[in-house]
Colleague: 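Supplied in structure tokens, the structure appears directly below.
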Amino acid sequence: MSELLVLRNHIDGAYTDAADGRRLEVTDPVTGEVYASSPLSGAADVDAAMAAAAAAFPVWRDATPSTRQKLLLRIADAVEARAEEIADAECRNTGKPRALTLTEEIAPIVDQIRFFAGAARMLEGRSAGEYMEGLTSIVRREPIGVCAQVAPWNYPLMMGVWKFAPALAAGNTVVLKPSDTTPASTVLLAGIIGDILKEMGLPAGVFNVVCGDRETGRLMVEHPTPAMAAITGSVRAGMQVAASASKDIKRVHLELGGKAPAVVFEDADIAEAVAGISLAGFFNAGQDCTAATRVLVHESVHDAFVSALAKAAAATRTGGGIDDEEVLYGPLNNAGQLAQVSGFIERLPAHATVETGGHRVGDKGFFYAPTVVSGLEQDDEIIQNEVFGPVITVQPFRDEAQAVAYANDVEYALASSVWTKDHARAMRMSKALDFGCVWINTHMILAAEMPHGGYKKSGYGKDLSAYGFEDYTRVKHVMTAL
């Protein structure tokens, strides 16, 4: 057995162990075996990280926009230059195919950091004006302060970037906690950023990483120092963060679960819809809150669509060969997630039909077969709740009104898609669908310039875009007597 990788916190520019020496085991999802350990940080570690971030804040707050931009551009350049090394860490974290990690995650990460580098120089309030006689008003946009941020395990590094890049661009300092199952890439990036901060003569406490479990996250959110708590995670985790943050009225930014409907009308190109939906449903093993895992198909083409989708699913490959370019997705992230996905299939009602898949793949690691389930009813558990696995459900609908009713009849409201050649219908559906994003004849495409975020139990606040940038600012009115 190879020697375990030892991961450490990165606080105030230095790698450190947890103050009390506690550690967590980190499991390789491809093999199911422990490959690393990371700190189980407690109150003393959170205190140290928050103190470092608070001490760095006045300097970083007052740094010019060009300085903030320069830092982010240098981070982006470093990620690009060390893409292979970072991809290795992320693949070990997650078991994802390496080629897809480089093209679909590392490359967008670089682009997103560069976008927020540009946004750093666009932070402004309204221009001065006289709104009452003898008085001039201006509106300032300012950074909020220290931000406590928690990233998930499905896209460990990318979701970390979505958190810290806009925060730093706006002049905030950061304490970031990666998931306890996927800390490796975030810890690596912390060292890279720490070196850049040192080279630029900036306070090391601008960016800090604290590893740990759910309790560590709670300590961060409830700590008196942060002015804002931001999390990407489950609805349950989001509710706990909101409750904890309410104790001292922290600002909260929540990007939570999803149950994205893909609505396929009878005039859609079925082959294109099947190809797009199967990719968007199975990519990353369906561990994506925008994944196209709930398909609504017009009854006139339902059977043909189900047959074609099942065929596409059966041809989709999963596996642990991270260098095998024919593999679309790797394992589920952890044993608990494998149990959750398996449980949904095991509890299917008698009227449901598993068209393909529905089982674990192999006896090592956490792999699950691409799965298609039909014959479902709107109130079935698998329709209402997020599976977060490579499972696509298909339901028929009668007309546009029923499609809208079925699509909106869940507690999540993050993303959706419409597949039709009828432009007017697409526009009607984009208005009627109660989701933060509506794609038309595509699904799960993201651009740094466009906002990502939902409604209802999918949370509030936006990632990416100028809207996500503004979420990390506060507004101040200044009035002067002339």
Side-chain angles (χ1 to χ4, degrees), residues 10 13 53 56 60 63-91 93-94 96 98-123 143 147 149 151 155-176 178 182-209 230 232 445-452 462-473:
H10 197 272
W60 187 239
T64 62
S66 62
T67 297
R68 297 177 196 162
Q69 181 186 56
K70 183 177 180 181
L71 172 66
L72 287 165
L73 288 175
R74 289 195 58 179
I75 294 170
D77 290 347
V79 172
E80 190 170 56
R82 298 174 66 172
E84 301 286 342
E85 178 186 2
I86 293 169
D88 286 342
E90 193 72 331
C91 290
N93 260 340
T94 61
K96 297 179 183 187
R98 195 171 187 279
L100 284 175
T101 300
L102 282 164
T103 59
E104 303 303 316
E105 296 188 40
I106 305 301
I109 282 169
V110 172
D111 179 66
Q112 289 155 7
I113 297 172
R114 287 176 176 153
F115 170 81
F116 284 113
R121 300 187 78 157
M122 299 297 290
L123 185 61
C147 296
Q149 302 181 320
Y155 294 100
L157 196 59
M158 181 179 285
M159 297 298 98
V161 165
W162 287 17
K163 294 286 177 284
F164 78 74
L168 295 182
N172 304 285
T173 55
V174 166
V175 178
L176 175 66
T182 56
S185 57
T186 308
V187 168
L188 173 60
L189 184 62
I192 293 171
I193 294 175
D195 289 344
I196 295 170
L197 287 167
K198 183 177 180 180
E199 291 166 5
M200 292 181 65
L202 294 168
V206 166
F207 182 76
N208 307 273
V209 167
T232 296
I445 306 299
L446 297 172
E449 294 85 352
M450 291 295 106
H452 175 87
K462 297 296 183 184
D463 288 315
L464 301 177
S465 79
Y467 299 98
F469 181 52
E470 289 178 358
D471 279 355
Y472 285 94
T473 68

Colleague: Suppose we screen for side chain to side chain contact (heavy atoms under 4.5 Å, CB included). Which residues come up paired with T182, at least two apart in sequence or across chains?
Modeller: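 Partners of T182 under the side chain to side chain contact (heavy atoms under 4.5 Å, CB included) test: N93, T94, W153, P156, S179, N333.
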Colleague: Main chain of L168, side chain of R68: is a donor-acceptor contact present, judged purely on distance under 3.5 Å?
Modeller: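 No.
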Colleague: Evaluate whether atom CE of M122 has more than 12 neighbouring non-hydrogen atoms of other residues, nucleotides or ligands under 6.0 angstrom away.
Modeller: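 For M122, atom CE is not crowded (no more than 12 foreign heavy atoms under 6.0 Å).
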Colleague: Going by salt bridge (Lys or Arg N to Asp or Glu O under 4.0 Å), name the residues that satisfy it together with R74, two or more places apart in sequence or in a different chain.
Modeller: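 R74: salt bridge (Lys or Arg N to Asp or Glu O under 4.0 Å) contacts with E199.
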Colleague: Among all residues two or more places apart in sequence or in another chain, which pass the side-chain hydrogen bond (donor to acceptor under 3.5 Å, both in side chains) test with E85?
Modeller: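 Only R82 meet the side-chain hydrogen bond (donor to acceptor under 3.5 Å, both in side chains) criterion with E85.
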Colleague: What residues form a side-chain hydrogen bond (donor to acceptor under 3.5 Å, both in side chains) with T473, not counting sequence neighbours?
Modeller: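 By the side-chain hydrogen bond (donor to acceptor under 3.5 Å, both in side chains) rule, T473 matches R141.
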Colleague: Are any non-hydrogen side-chain atoms of V161 and V79 less than 4.5 angstrom apart?
Modeller: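 When only atoms from C-beta onward are counted, V79 and V161 do not touch, as no gap falls below 4.5 Å.
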Colleague: Report the residues that fulfil salt bridge (Lys or Arg N to Asp or Glu O under 4.0 Å) with D88, sequence neighbours left out, ordered by chain and then residue number.
Modeller: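 D88: salt bridge (Lys or Arg N to Asp or Glu O under 4.0 Å) contacts with R98.
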Colleague: Who pairs with E449 by salt bridge (Lys or Arg N to Asp or Glu O under 4.0 Å), at least two apart in sequence or on another chain?
Modeller: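 E449: no salt bridge (Lys or Arg N to Asp or Glu O under 4.0 Å) contacts found.
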Colleague: Taking ring pair (Phe, Tyr, Trp, His ring centres under 6.0 Å) as the cut-off, I'd like each qualifying pair that reaches into residues 99-123, sequence neighbours left out, listed once.
Modeller: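 Qualifying pairs: none.
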Colleague: Between OH of Y155 and CD of E90, what distance do you get to the nearest 0.5 Å?
Modeller: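 CD of E90 is found 10.5 Å from OH of Y155.
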Colleague: Compare every heavy atom of L464 with every heavy atom of A447, then report the nearest pair and how far apart it is.
Modeller: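 In terms of heavy atoms, the two residues are closest at O-CD1, 3.9 Å.
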Colleague: Can you measure from CG (L123) to CD (E470) and round to the nearest 0.5 angstrom?
Modeller: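 CD of E470 is found 8.5 Å from CG of L123.
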Colleague: How close do P65 and A120 get, counting heavy atoms only, and between which atoms?
Modeller: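 Shortest heavy-atom contact: CB-O, 3.3 Å.
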Colleague: Please walk me through it: do I193 and F164 pass side-chain contact (heavy atoms from CB on, under 4.5 Å)?
Modeller: CA-CA 11 Å; I193 294 175; F164 78 74; 3.9 Å; yes
Colleague: Atom CG of L157 and atom CD1 of I109: how far apart are they, to the nearest 0.5 Å?
Modeller: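 Between atom CG of L157 and atom CD1 of I109 there are 4.0 Å.
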Colleague: Which residues pass the side chain to side chain contact (heavy atoms under 4.5 Å, CB included) test with A190, not counting sequence neighbours?
Modeller: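 Side chain to side chain contact (heavy atoms under 4.5 Å, CB included) check on A190 returns H10, F207, V209.
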Colleague: Can you tell me how far the OG1 atom of T64 sits from the NZ atom of K70, to the nearest 0.5 Å?
Modeller: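 Answer for the OG1-NZ pair, T64 versus K70, is 10.0 Å.
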Colleague: Rounded to the nearest 0.5 Å, how far apart are SG of C91 and CD1 of I106?
Modeller: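 Result: 8.0 Å between the selected atoms.
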Colleague: Can any side-chain N or O of N208 pair as donor or acceptor with the backbone N or O of L176 at less than 3.5 Å?
Modeller: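 Side chain of N208 to backbone of L176: no pair is present.
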Colleague: For residues P108 and T103, report the shortest heavy-atom separation together with the two atoms involved.
Modeller: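 Taking P108 first and T103 second, the nearest heavy atoms are CD-O, 3.4 Å.
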Colleague: Show me the pairs that pass side chain to side chain donor-acceptor pair (under 3.5 Å) and involve residues 112-123, at least two apart or across chains.
Modeller: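 Side chain to side chain donor-acceptor pair (under 3.5 Å) check on residues 112-123 returns Q69-R121, D77-R114, E80-R114, Q112-W162.
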Colleague: Walk me through it: do L102 and E84 pass the test side-chain contact (heavy atoms from CB on, under 4.5 Å)?
Modeller: CA-CA 8 Å; L102 282 164; E84 301 286 342; 4.0 Å; yes
Colleague: Taking all heavy atoms of A53 and all of T173, pick out the closest pair and write down the distance.
Modeller: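 Distance-wise, the nearest heavy atoms are O-OG1, 2.9 Å.
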Colleague: Restricting to pairs with a member in residues 159-171, which pass salt bridge (charged side-chain N to carboxylate O under 4.0 Å, His left out), not counting sequence neighbours?
Modeller: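 Non-adjacent pairs meeting salt bridge (charged side-chain N to carboxylate O under 4.0 Å, His left out): K163-D463.
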Colleague: On a heavy-atom basis, which atom in L72 and which in A117 lie closest, and how many Å separate them?
Modeller: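 Scanning both residues completely, I find the closest heavy atoms to be CB-CB, 3.7 Å.
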Colleague: Would you give the length of the straight line joining atom CG of L71 to atom OG1 of T67, rounded to the nearest 0.5 angstrom?
Modeller: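 Separation between the atoms: 9.0 Å.
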Colleague: Sequence neighbours left out, what passes ring-ring contact (aromatic ring centres under 6.0 Å, His included) with Y472? Give chain and number order.
Modeller: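 For Y472, the residues satisfying ring-ring contact (aromatic ring centres under 6.0 Å, His included) (neighbours in sequence not counted) are H253.
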Colleague: Over all heavy atoms of both residues, which pair between P203 and L197 is shortest? Give the atoms and the distance, please.
Modeller: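 Distance-wise, the nearest heavy atoms are O-CD1, 3.9 Å.
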Colleague: Could you name each residue pair satisfying salt bridge (charged side-chain N to carboxylate O under 4.0 Å, His left out) that touches residues 104-113, not counting sequence neighbours?
Modeller: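 Residue pairs passing salt bridge (charged side-chain N to carboxylate O under 4.0 Å, His left out), neighbours aside: K96-E105.
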